[in-house]
Novice: 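Please see the structure below; I have some questions.
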Amino acid sequence: MSKDVNNYTTQSNSTPLPTEKRSKVRLIISGGGTGGHIFPAISIANAIKELCPDAEILFVGAEGRMEMQRVPDAGYRIIGLPVAGFDRKHLWKNFSVLLKLIRSQWKARSIIKEFRPQVAVGVGGYASSPTLKTAGIMGIPTLIQEQNSYAGVTNKLLAQKACKICVAYEGMEKFFPAEKIIMTGNPVRQNLLGHSILHADAVKYFGLNPERKTILILGGSLGARTINQTLTASLDVVRAHPDVQFIWQTGKIYIDQVRETITTATGEVVRNPHISTIPNLYVTDFIKDMANAYAAADLVISRAGAGSISEFCLLHKPVILVPSPNVAEDHQTKNALALADKDAAIYVKDVEAKDKLLPIALETISNPQKLKDLSESIAKLALPNSATVIAKEVLKLITNPNHQLK
């Protein structure tokens, strides 16, 4: 295992497989597109490496997508497919998408024939469909991981041939055969767990005051337009509450627009995260050290991606969820409601965010009992060690003699 992979993993009490089995393990992990798919995939790969250090793991992603950089950065090999997502609003544009899908299925077949995996794992994203479908046709046992509370179309189709389906929410038998479902939770970025970062030290890491309450604002790995627009329209409100601090991750595609808006509002040219005219605001396009960011946060504002929600649960973080309306089957709203219905999160609709989000956040951050109640409720939904549980299920499939490569 490469040095990069060692840096990414954390200690585990997992027991490695016997040497005679380790050398025979070969598997494909397919999917990606966003951090919500990539981070769980890498976590599963790392857990498999802990159980089986000599395992050969090949990732299959989509050309030009985020996984083509993040996976090699984590120390794993990846091959890209020329696959793209369907345009649900302009169906006539999908002819080229269908051609790319056919090409991707042929390429996936070639990859499988050459690599000869004993199991294929799908984590969602464009590449997951052609890879897992082709693997199933070729007799390779498959396992899919459904991260959301509402199953997507792709995973519903893949479930027909899947041997096991790992889920993070109750009631998923509405979408999948009950006998295939395993409640595992969603794997999270392993470097977020097992540390002992003090809250005060984490706040100081961002150059802020540890004596003040801190709100962490996230929009996923790509950013969130509505959340960003809400904050840029409320800079006067932020300045009017110097007792509350904001760590704001805008996403790379929005950072220039946000900086320009701040410059227009304050007259200050923004070149770094700290703004002298708004000293309680820290603005950046991407936070590399999320362990410190979470440790600093008294309250989080976020989209409702499944991976992020799993992190909030495991870290017991009070959170206001603003689901993205631009996702398949509106699954983020369903994710948010799964928590809000159990008083484990506050739900704000995207269309209401500009008027309601910041007032609700300021009211919540000033209410210690509300923060405590949210933290205790979301902690009850945490499913720890998800990556290791899934890894063990993957390795069990390899020992099944009924699956032979065709």
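Residues: numbered from 1 along the sequence shown.
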Novice: Distance-only, no hydrogens or angles: does the N148 side chain make a donor-acceptor pair with backbone N or O of Y150 under 3.5 Å?
Specialist: no
Novice: Does the pair I247 and I215 meet the rule for a side chain to side chain contact (heavy atoms under 4.5 Å, CB included), with working shown?
Specialist: CA-CA 6 Å; I247 300 172; I215 299 176; over 6 Å; no
Novice: If the condition is side-chain contact (heavy atoms from CB on, under 4.5 Å), which residues does D289 pass it with, not counting sequence neighbours?
Specialist: Y205, A291, N292
Novice: Does CD belonging to E170 count more than 12 external heavy atoms closer than 6.0 Å?
Specialist: no
Novice: So which atom in T142 and which in L397 form the shortest heavy-atom distance, rounded to 0.1 Å?
Specialist: O-CD1, 4.0 Å
Novice: Please report the closest heavy-atom contact between I365 and T214, naming both atoms and the distance.
Specialist: CD1-O, 4.1 Å
Novice: Ring-plane angle category for F206 and Y282, please: parallel below 30°, perpendicular beyond 60°, tilted otherwise.
Specialist: perpendicular
Novice: Just by distance, no angles: are the side chains of K354 and Q229 close enough, under 3.5 Å, to form a donor-acceptor pair?
Specialist: yes
Novice: Establish, from distance only, whether the side-chain atoms of Q105 and T134 form a donor-acceptor pair under 3.5 Å.
Specialist: no
Novice: Looking only at atom types and distance, does a side-chain atom of K317 sit under 3.5 Å from a main-chain N or O of V300, one as donor and one as acceptor?
Specialist: no
Novice: Any donor-acceptor pair under 3.5 Å linking the side chain of Q332 with the backbone of A304?
Specialist: yes
Novice: Would you check if the side chain of K392 reaches a backbone N or O of A387 as a donor-acceptor pair within less than 3.5 Å?
Specialist: no
Novice: For a 4.5 angstrom cut-off between non-hydrogen side-chain atoms, does I360 reach I320?
Specialist: yes
Novice: Among pairs that include at least one residue of residues 374-385, which meet side-chain hydrogen bond (donor to acceptor under 3.5 Å, both in side chains), considering only residues two or more places apart or in two chains?
Specialist: K372-E376
Novice: Have E268 and T263 got a donor and an acceptor in their side chains that come within less than 3.5 Å?
Specialist: no
Novice: Under the 3.5 angstrom rule, does the side chain of Q145 hit a backbone N or O of V121 as a donor-acceptor pair?
Specialist: no
Novice: Can you name the nearest heavy-atom pair linking L314 to P384, along with the distance?
Specialist: CD2-CA, 3.7 Å
Novice: Can you check whether K396's main-chain N or O pairs, donor with acceptor, with T399's side chain at less than 3.5 Å?
Specialist: yes
Novice: So do I79 and F59 actually touch side chain to side chain, heavy atoms under 4.5 Å?
Specialist: no
Novice: So which atom in A353 and which in V322 form the shortest heavy-atom distance, rounded to 0.1 Å?
Specialist: CB-CG1, 4.2 Å
Novice: Any side-chain donor-acceptor pair under 3.5 Å between D373 and Q369?
Specialist: yes
Novice: Any side-chain to backbone donor/acceptor pair from H241 onto V237? Under 3.5 Å, distance only.
Specialist: yes
Novice: Examine the side chains of N367 and T364 and answer whether a donor and an acceptor come within less than 3.5 Å of each other.
Specialist: no
Novice: Are any non-hydrogen side-chain atoms of V283 and P273 less than 4.5 angstrom apart?
Specialist: no
Novice: Take R303 and D350 through the test salt bridge (charged side-chain N to carboxylate O under 4.0 Å, His left out) and record every step on the way to the result.
Specialist: CA-CA 9 Å; R303 288 303 200 189; D350 187 86; 2.8 Å; yes
Novice: Is any side-chain heavy atom of Y76 closer than 4.5 Å to one of R70?
Specialist: no
Novice: Do N280 and L208 touch side chain to side chain, with heavy atoms closer than 4.5 Å?
Specialist: no
Novice: May I ask you to check whether S30 and T131 show a side-chain donor-acceptor distance below 3.5 Å?
Specialist: yes
Novice: Which atoms form the tightest heavy-atom contact between Q249 and I287, and what is the distance?
Specialist: OE1-N, 2.9 Å
Novice: Do side-chain atoms of Q147 reach the backbone of V123 as a donor and acceptor pair under 3.5 angstrom?
Specialist: yes
Novice: Shortest non-hydrogen contact from I390 to P187?
Specialist: CD1-CG, 3.7 Å
Novice: Between N186 and G307 (side chain of the first, backbone of the second, donor and acceptor by atom type, cut-off under 3.5 Å), is there such a pair?
Specialist: no
Novice: Hey, can you pull the donor-acceptor pairs under 3.5 Å for the side chains in residues 154-169, sequence neighbours left out?
Specialist:
unit_1: N155; atom_1: ND2; unit_2: E146; atom_2: OE1; d: 2.8
unit_1: K164; atom_1: NZ; unit_2: E393; atom_2: OE1; d: 2.6

Novice: Is there a side-chain contact between R116 and R26, using heavy atoms and a 4.5 Å cut-off?
Specialist: yes
Novice: Checking the side chain of T333 only, and the main-chain atoms of P323 only, is there a donor and an acceptor separated by less than 3.5 Å?
Specialist: no
Novice: For N228 and T250, test the side chains for any donor-to-acceptor distance below 3.5 angstrom and give the result as yes or no.
Specialist: no
Novice: Please tell me if the side chains of M68 and E63 come closer than 4.5 Å, counting only heavy atoms from C-beta onward.
Specialist: no
